[in-house]
Amino acid sequence: MKLRREPAIARWLLNLFCSSSDHDSVIGDLMEQYQQGRGRTWYWRQAAALSLLGLYSKIARRPLIPAHRFPVGLIVVAFIGSTALATALFSDIGLIFLTCIVAGVCVGIFRFVRGEELTQNAKPAQVQELQGVFSAPSTGREPLDPKVTSNGPRLVRIDSSHIPVAGGIGAGILILILMIAVLHDVPYLRRMAIPGLLAGLFFAACLRLWRRWHPRTISKDWLSIKR
Amino acid sequence: MAASPTLSNFELMVMLAIIRIGDDAYGVSISTEIEKTTGNEVLLGSVYDALSRLEAKALIVSTLGETTPERGGRAKRHFRTTSRGLRLVRDTQRSLVKLWNGLPQLKGGEI
């Protein structure tokens, strides 16, 4: 029997947001229906809804902002957001603003997805350490079953670099500031933009090298567990 | 005393569809059954969302079935109701019938 090819982008979306084993059956059902003659539009509609639900369940399963950082983070994001919005409303850089927000959200989604991959590929030693964190007396949780952990359980972790929304908005705002500085007549900012960017790249390269020489271990310091 | 779970409208539909279908209840057959009876298109994602909620409330159980090439090698997940689920559906039916009874506005078919 010759199988019909599914819409490639819809398939990619499903792989991106519904990759866990929980979604196997529903994707199988979707494929079965498509092979039995359902249209591309139908497939697209179902895939879009599934992707949204998949994304929502990922976010709902893992609170994105550590509880103890939430108020400060929220205030900072609100402050920067309102400043950026005011700038966009009262000047002619609306389009740049929009582009930057879209870019920032894309960066956020990319980081989130990459964070997901990193979590799923966590080494057993890291898993073991996390197991200790999970079984803290205050949570009343039993330690995870070693059989389960050896198969790579789904870990609950927060790393500030994996915060999709705030991270995305932050990246967007940074790009926005740089673009404003370069494209508009803001002499001080423009003068600072290129050296700032170069310094940032240099700093990022140094960090990367440092991480290569000092492999990081998972500790409670950069983890915030909340379910 | 722990409060007994409640069913939303859609969850009740899914439960009834599972009971109607019997042994072959899986995502596609459940959504087809609901589409047939309500006349509206149903999203597979929302059916599975409701199914996972019902499973978490221990009202249904699922088992993995066979795989086929047209499903891309993915197994079917079959669902059936538990005795607790059946009892809850019966209780819900009883409550709804009580609420429906004696409402003159709902008699005669036309408003």
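When reading the values below, keep in mind they use all heavy atoms of this one structure, side chains included, and skip hydrogens, waters and symmetry mates. Sequence lines set the chain letters: A, B, ... in the order given, protein chains first and strands last, and positions in each chain run from 1.
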At a 4.5 Å cut-off on heavy atoms, which part of B:S46 comes close to chain A: side chain, backbone, both, or neither?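 The backbone, not the side chain.
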Tell me, for B:L51 versus chain A, whether the close heavy atoms (under 4.5 Å) come from the side chain, the backbone, both or neither.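 Neither the backbone nor the side chain of B:L51 comes within 4.5 Å of chain A.
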Is any residue of residues 36-44 of chain A within less than 4.5 Å of chain B by heavy atoms, and which ones?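 Within residues 36-44 of chain A, the residues that come under 4.5 Å of chain B (heavy atoms only) are A:Q36, A:R38, A:W42.
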Tell me whether the count of non-hydrogen atoms from other residues, nucleotides or ligands lying under 6.0 Å of [atom1] in [X] goes above 12.
X: A:I9; atom1: CD1; result: no
X: B:R80; atom1: CZ; result: no
X: B:D23; atom1: CG; result: no
X: B:Q93; atom1: CD; result: no

At what distance, to the nearest 0.5 angstrom, does [atom1] of [X] lie from [atom2] of [Y]?
X: B:Y26; Y: A:S25; atom1: OH; atom2: OG; answer: 11.5 Å
X: B:E70; Y: A:Q33; atom1: CD; atom2: CD; answer: 9.5 Å
X: B:L43; Y: A:L30; atom1: CG; atom2: CG; answer: 10.5 Å
X: B:Y48; Y: A:D29; atom1: OH; atom2: CG; answer: 3.5 Å

Test of understanding: with side chain to side chain contact (heavy atoms under 4.5 Å, CB included), list the residues that count as partners of [X], not counting sequence neighbours.
X: A:R5; answer: none
X: B:T81; answer: B:M15, B:I18, B:I19, B:I60, B:L86
X: A:D24; answer: B:R74

Please classify the contact of A:L52 with chain B as side chain, backbone, both or neither, using a heavy-atom distance under 4.5 Å.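 Answer is neither: A:L52 stays 4.5 Å or more from chain B.
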Side chain, backbone, both or neither of A:R45 within contact of chain B (heavy atoms, under 4.5 Å):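 Contact with chain B: backbone and side chain both.
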